Amino acid sequence: DRYPHILEELLAEEIVFVHEKVEGMNMAVTYLPDKTYTVAQRNFYIQSQDPENPHSFEKLAMNKVIPVLKAFAEDPGWVGKQIRFRAEFTGPGSQGNYYGLLDQYAFGFEMDIDGKPMDAIELQGLRDFNPIIGSCLEHVPLIFKGKLSDFLAGRTVQEASNGQSLLNPKLLREGIVIRPSRERNIPGFGRLILKQRSPQYLAKTDF
């Protein structure tokens, strides 16, 4: 809504990845070269004072994310690198559990290597072909890959953001996230990622 000129001038004929914008809480898990890890929500680190009663982010990270990042980091190509997995935390205990999930999940949308975000096409390659990352971590649903003009097919981005959720087809999706296949920074704009919340979703939810 805020940057239509960016959309029109820079993405109309570029290969993009369009993912479902998942309703949840921002979560980041970082696996460090010294084999320790951190868990964060946006800019705040999470560390429970009670080891017997860890924060839900910590529990999910320890059970589902850290073992995967540890195995991934042992690959010769990734040894000695800092690996950060960014995700949306959703399920019971997260914003009313919009999707009606029975368990908590970290739906990944990005990975940083030594602080640098992977290109969308590189990350998708890991999801498709790396058995550790692809099969052991959940990811935000991919709606479309190709030219944005083909995805829009004459619709506005606002219209295209409407639709049913791929996590629960009975519900409206929150919106879409559009990323170019290769990372780009635009002067005066910043990192090129466009998010559009669905007008239908906003009209029918309290979020």
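This structure is a prediction, so every number in the text was calculated from the model and none was measured.
- With hydrogens and angles disregarded, no donor-acceptor distance shorter than 3.5 Å links the side chain of Thr30 to the backbone of Thr38.
- A side-chain donor-acceptor contact under 3.5 Å links Ser135 to the backbone of Pro131.
- Hydrophobic cluster membership is shared by Leu126 and Ile83, with clusters built from Ile, Leu, Val, Met, Phe, Trp and Tyr side chains linked at under 4.5 angstrom.
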Using residues 68-77 as the side-chain source, report each donor-acceptor pair under 3.5 Å to any protein atom, sequence neighbours left out, with the distance given to one decimal.
unit_1 : atom_1 : unit_2 : atom_2 : d
Asp75  : OD1    : Gly77  : N      : 2.9

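- Side-chain heavy atoms closer than 4.5 Å link hydrophobic residues (I, L, V, M, F, W, Y) into clusters, and following such links, even through other members, never connects Phe107 to Leu137.
- Listed for the Gln164 side chain is a donor-acceptor partner under 3.5 Å among the backbone atoms of Pro169.
- At least one cation-pi condition fails for Lys21 and Phe109: the charged atom is not both under 6.0 angstrom from the six-membered ring centre and inside a 45 degree cone around its axis.
- In the hydrophobic clustering of this structure, Met118 groups with Met27; members are Ile, Leu, Val, Met, Phe, Trp, Tyr whose side-chain heavy atoms approach within less than 4.5 Å, directly or through other members.
- Listed for the Asn97 side chain is a donor-acceptor partner under 3.5 Å among the backbone atoms of Leu101.
- Using bins of under 30°, 30° to 60° and over 60° for the plane-to-plane angle, the ring pair His55/Phe57 lands in the perpendicular bin.
- Using a 4.5 Å heavy-atom cutoff, the side chains of Gln104 and Pro92 are in contact.
- Proximity of Leu171 to Arg173: side-chain heavy atoms (C-beta onward) are nowhere separated by under 4.5 Å.
- In this structure, Asp112 contributes its side chain and Arg84 its backbone to no donor-acceptor pair below 3.5 Å.
- Nearest heavy-atom pair, Gly115 versus Gln82, reported as atom, atom and distance to 0.1 Å: N-NE2, 4.2 Å.
- Looking at Ser161 and Tyr201, their side chains never come closer than 4.5 Å, going by heavy atoms from C-beta outward.
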Item to complete: Could you go through the side chain to side chain contact (heavy atoms under 4.5 Å, CB included) check for Tyr31 and Lys35 one step at a time?
Response: CA-CA 7 Å; Tyr31 189 79; Lys35 300 183 180 181; 3.5 Å; yes
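- No side-chain heavy atom of Val177 sits under 4.5 Å from any side-chain heavy atom of Val18.
- Note: Lys64 NZ to Lys59 NZ = 10.5 Å, rounded to the nearest 0.5 Å.
- Taking every heavy atom of both residues into account, Asp119 and Arg179 meet most closely at C-NH2, 4.3 Å.
- Closest heavy-atom contact between Gly24 and Glu88: C-OE1, 3.1 Å.
- Within the 4.5 Å cutoff, side-chain heavy atoms of Ile46 are placed close to those of Glu58.
- Put simply, CZ on Arg127 and CD on Glu122 are 12.0 Å apart, with the number rounded to the nearest 0.5 Å.
- Tracing side-chain contacts under 4.5 Å through hydrophobic residues (I, L, V, M, F, W, Y), one never reaches Leu142 starting from Ile176; they form parts of separate clusters.
- Counting heavy-atom neighbours within 6.0 Å of Arg191 CZ, excluding the residue itself, gives a total above 12.
- Hydrophobic cluster membership differs between Val140 and Phe17, with clusters built from Ile, Leu, Val, Met, Phe, Trp and Tyr side chains linked at under 4.5 angstrom.
- Taking both residues in full, the closest heavy atoms of Ile133 and Asn130 are given as N-OD1, 3.0 Å, listed atom of the first, atom of the second, then distance.
- Considering all non-hydrogen atoms of both residues, Pro180 and Ala120 come closest at O-CB, 3.5 Å.
- Using cut-offs of 30° and 60° for the angle between ring planes, the His139 and Phe85 rings count as perpendicular.
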Item to complete: Give the intermediate values and the outcome of side chain to side chain contact (heavy atoms under 4.5 Å, CB included) for residues Glu23 and Arg197.
Response: CA-CA 10 Å; Glu23 175 64 70; Arg197 300 189 79 191; 4.1 Å; yes
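- For residues 147-170, the ring pair (Phe, Tyr, Trp, His ring centres under 6.0 Å) pairs, not counting sequence neighbours, are Phe144-Phe151.
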Item to complete: Go through Val157 and Leu152 one step at a time and tell me if the side chain to side chain contact (heavy atoms under 4.5 Å, CB included) criterion holds.
Response: CA-CA 7 Å; Val157 175; Leu152 295 178; 4.1 Å; yes
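- In this structure, the side chains of Ile178 and Ile193 stay at 4.5 Å or more apart for every pair of heavy atoms.
- Annotation: side chain of Ser198 is not in contact with side chain of Glu174 (no heavy-atom distance under 4.5 Å).
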Worksheet item: Going through the distances and angles, do Glu14 and Arg184 end up as a salt bridge (charged side-chain N to carboxylate O under 4.0 Å, His left out)?
Response: CA-CA 12 Å; Glu14 183 166 338; Arg184 294 176 62 186; 2.5 Å; yes
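- Looking only at distances, a side-chain donor or acceptor of Glu20 sits under 3.5 Å from a matching main-chain atom of Leu166.
- For the atom pair Ile15 CD1 and Ile121 CD1, the distance stands at 8.5 Å (nearest 0.5 Å).
- Residues Tyr98 and Leu172 are in side-chain contact: their nearest non-hydrogen atoms beyond the backbone lie under 4.5 Å apart.
- Listed here is the closest heavy atom pair of Asn162 and Pro199: OD1-CD, 3.3 Å.
- Ser94 contributes atom OG, which lies 9.5 Å from atom OH of Tyr99 (distance to the nearest 0.5 angstrom).
- To the nearest 0.5 Å, the span separating CD on Glu110 from CG on Leu123 amounts to 8.0 Å.
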